[in-house]
Amino acid sequence: MLRQAASRFAQVVLKNPPSLGVRAFSGARITDKVMVLTAVGEDRMGKLTSITERIMSHGGSLERSKISRLEGELAMILEIAITEEKGAQLLAALKQEENLQLRPKWIDYLATPPPVTTITVTSLDRPGIVKDVSGFLCEAGFKIENIATRVTSKNGAGMDCFTVDAEVVLPQDWKTMSQAKLVSGLNELGCEVLHFEV
């Protein structure tokens with residue numbers, strides 16, 4: 001259901017590939033500020049399409065987005081270029097017509113997003129993996145943008161494995177960082193690094 005909705009969602013709003021979650025402007029900017037909207041609600045067929053159509057009909061443009069579905073619930077963080085007047089009208093429509101819990105805030109438009117990368121690690125399943133990995137990354141200067149976790153297939157000994165995918169903003173001194181040292185630090189936590197490029 002989400003795959004079908006996301007496909008239509010991409011066709012309606014995004015001009016860049018959906019995996020980027022970014023829309024480029026072809027002309028003048030709508031506004032120097034953007035609305036960052038956190039929205040949570042019950043999922044249904046076509047809900048993403050309906051939401052993005054409302055954004056367009058109110059004169060907004062989706063800049064970046066993070067959208068997840070789990071057990072029938074839909075959670076979104078949307079960065080929308082829209083005027084404050086139209087933004088207020090959009091919020092009212094989304095709340096009334098889409099039955100969403102909304103939390104908006106306005107920020108200055110960031111022309112050049114910070115550099116990001118994805119770090120994927122796996123480990124034998126145990127309590128505290130996310131705490132240890134996120135704590136290590138924060139101490140190393142990385143800012144976590146998005147994190148997804150899952151229990152994966154059992155290893156050869158029949159034990160469950162746990163995988164963490166973390167999208168992180170690179171620290172300012174990332175060009176001089178030792179990737180080998182970072183990987184070694186994650187290994188000391190009992191994690192195997194599957195993907196990490198800096």
Side-chain angles (χ1 to χ4, degrees), residues 6 10 13-39 61-70 75-82 103-153 155-156 159-198:
V13 179
L14 300 180
K15 291 185 177 180
N16 288 343
S19 60
L20 296 179
V22 178
R23 180 189 187 280
F25 277 93
S26 57
R29 290 200 52 77
I30 296 173
T31 175
D32 290 332
K33 288 184 175 293
V34 294
M35 178 171 63
V36 178
L37 178 62
T38 302
S61 178
L62 192 61
E63 295 277 293
R64 296 187 296 168
S65 63
K66 293 183 179 180
I67 303 171
S68 295
R69 175 186 177 274
L70 185 65
M76 300 166 283
I77 303 177
L78 310 175
E79 186 179 280
I80 305 167
I82 191 170
R103 190 178 70 181
K105 74 173 183 178
W106 293 88
I107 64 171
D108 292 331
Y109 172 71
L110 185 62
T112 305
V116 298
T117 190
T118 300
I119 300 172
T120 302
V121 301
T122 188
S123 167
L124 291 179
D125 191 17
R126 61 171 176 80
I129 297 174
V130 176
K131 175 185 72 68
D132 292 343
V133 172
S134 62
F136 173 82
L137 293 175
C138 288
E139 287 182 7
F142 294 90
K143 181 180 179 181
I144 296 176
E145 287 281 286
N146 187 48
I147 194 165
T149 63
R150 61 190 182 279
V151 177
T152 53
S153 58
N155 63 8
M159 302 177 69
D160 287 334
C161 294
F162 191 84
T163 299
V164 178
D165 292 304
E167 180 186 352
V168 297
V169 175
L170 297 175
Q172 293 184 348
D173 61 346
W174 66 272
K175 291 185 179 181
T176 61
M177 297 180 73
S178 169
Q179 184 171 346
K181 184 177 180 180
L182 292 169
V183 170
S184 176
L186 289 168
N187 291 158
E188 291 177 3
L189 298 176
C191 297
E192 178 186 355
V193 179
L194 303 181
H195 176 82
F196 188 6
E197 293 184 6
V198 295

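FYI, the numbering just counts along the sequence from 1.
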>> Suppose we screen for side-chain contact (heavy atoms from CB on, under 4.5 Å). Which residues come up paired with Asp108, at least two apart in sequence or across chains?
In response: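 Result, side-chain contact (heavy atoms from CB on, under 4.5 Å) vs Asp108: Lys33.
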Determine yes or no for a side-chain-to-main-chain donor-acceptor pair under 3.5 angstrom, with [X] supplying the side chain and [Y] the backbone.
X	Y	result
Gln179	Phe196	yes
Thr120	His195	no
Thr152	Cys161	yes

Shortest non-hydrogen contact from Ser65 toward Leu78 |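 Closest heavy-atom pair between Ser65 and Leu78: CB-CD2, 3.8 Å.
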Closest non-hydrogen atom pair, Ser123 against Gly190 =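 Closest pair (atom of Ser123, atom of Gly190, distance): OG-O, 3.3 Å.
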For this session: Report yes if some heavy atom in the side chain of Leu124 is under 4.5 Å from a heavy atom in the side chain of Ile129; otherwise report no.
Result: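 No; the side chains remain at least 4.5 Å from each other.
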Query raised in the report: Given side chains that start at C-beta, do those of Val169 and Trp174 come closer than 4.5 Å, heavy atoms only?
Result: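 Result no, sub-4.5 Å side-chain heavy-atom pair not found.
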So how far is it from [X] [atom1] to [Y] [atom2], rounded to the nearest 0.5 Å?
X	Y	atom1	atom2	answer
Ser184	Leu189	OG	CG	10.0 Å
Thr163	Glu192	OG1	CD	9.5 Å
Ile77	Arg103	CD1	CZ	8.0 Å
Glu79	Arg64	CD	CZ	4.5 Å
Leu137	Leu186	CG	CG	6.0 Å

Which pairs would a plain distance check flag for residues 138-151, meaning a side-chain donor or acceptor within less than 3.5 Å of a matching protein atom at least two apart in sequence or in another chain?
residue	atom	partner	partner atom	Å
Arg150	NH1	Asp165	OD2	2.5

Problem set entry | side chain to side chain contact (heavy atoms under 4.5 Å, CB included) partner of Val164, chosen from Val121, Leu194, Asp132 |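 When side chain to side chain contact (heavy atoms under 4.5 Å, CB included) is applied between Val164 and each of Val121, Leu194, Asp132, only Val121 qualifies.
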